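What follows is a short report on a single structure.
It should be emphasised that the depicted structure is a prediction, and the values quoted were computed from it without experimental measurement. The figures here come from the full heavy-atom set of this structure, side chains too, leaving out hydrogens, waters and symmetry mates. Nothing fancy with the numbering, it's 1 onward along the sequence.
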Amino acid sequence: AHKNWRIVSVDSRVTESNTSWSRFAWKLRLANDADAPQPFQGTIEFQDSDGFIVDTDIIHNEIMPARSEQDFTGSALIRASVVGKVARTVAKVRLVR
């Protein structure tokens, strides 16, 4: 585990909705205290109140600049039949070697 970078925050909200799906926009803020850029990838999980995954969005190979905090954003379309179950957003991030 690396102590020189961390998840600062993750947030999401519905930005668009219809009878078939809702678009959940998400924003992940990371901090990198290292002297070098850190390549990473990860998953944004939309979980129900018990922590079960309702849906996910994938973060493909991004670069976290050295000595900085930065926001990464994206969105996921979640089916209307399960959208009401989303209670929280969780980020799982790992460095890529």
Are V14 and L28 co-members of a hydrophobic cluster defined by side-chain heavy atoms under 4.5 Å apart?
yes
Looking at every non-hydrogen atom in both residues, tell me the closest pair between G42 and R94 and how far apart they are.
CA-NH1, 4.2 Å
First locate atom CG of L77, then atom OG of S17, and finally report the distance between them rounded to the nearest 0.5 Å.
10.5 Å
Is there a continuous path of hydrophobic side-chain contacts, each under 4.5 Å between heavy atoms, that joins F72 to V96?
no
Looking at every non-hydrogen atom in both residues, tell me the closest pair between M64 and Q70 and how far apart they are.
CE-N, 3.6 Å
Does R67 reach the side chain of D33, with side-chain heavy atoms less than 4.5 Å apart?
yes
Run the side chain to side chain contact (heavy atoms under 4.5 Å, CB included) test on V82 and F46 for me, step by step, so that the C-alpha distance in whole Å, both residues' side-chain angles and the decisive distance to 0.1 Å come before the verdict.
CA-CA 11 Å; V82 297; F46 301 94; over 6 Å; no
What I'd like to find out is whether the side chain of N4 reaches to under 4.5 Å of the side chain of Q38, using heavy atoms alone.
yes
Could you tabulate the donor-acceptor pairs under 3.5 Å formed by side-chain atoms of residues 84-91, not counting sequence neighbours?
{"residue": "R88", "atom": "NE", "partner": "Q47", "partner atom": "OE1", "Å": "2.9"}
{"residue": "T89", "atom": "OG1", "partner": "S12", "partner atom": "OG", "Å": "2.5"}

For residues V8 and I59: do they belong to one hydrophobic cluster (side chain heavy atoms under 4.5 Å, members Ile, Leu, Val, Met, Phe, Trp, Tyr)?
no
Spatial distance of atom OG1 (T43) from atom CD1 (I53) [nearest 0.5 Å]:
8.0 Å
Which heavy atom of A36 sits nearest a heavy atom of A66, and at what distance?
C-CB, 3.6 Å
Among D57, D55, T56, side-chain contact (heavy atoms from CB on, under 4.5 Å) partner for E45:
T56
Would you say the side-chain atoms of D50 pair up with the backbone N or O of F52, donor to acceptor, closer than 3.5 Å?
no
Just how far is it from atom CZ of F24 to atom OG of S75, taken to the nearest 0.5 Å?
11.5 Å
According to a hydrophobic-cluster definition based on side-chain heavy atoms being under 4.5 Å apart (Ile, Leu, Val, Met, Phe, Trp, Tyr only), do W5 and I63 belong together?
no
Should W26 and F40 be regarded as members of a common hydrophobic cluster, given that ILVMFWY residues are connected when their side-chain heavy atoms come within less than 4.5 Å of each other, either directly or indirectly?
yes
Please evaluate residues Q41 and I58 with respect to the criterion side chain to side chain contact (heavy atoms under 4.5 Å, CB included), reporting the C-alpha separation (whole Å), side-chain torsions for both, the decisive distance (0.1 Å), and the verdict.
CA-CA 8 Å; Q41 54 194 24; I58 303 298; over 6 Å; no
Rounded distance [0.5 Å steps], CG in D11 versus CD1 in I44
10.5 Å
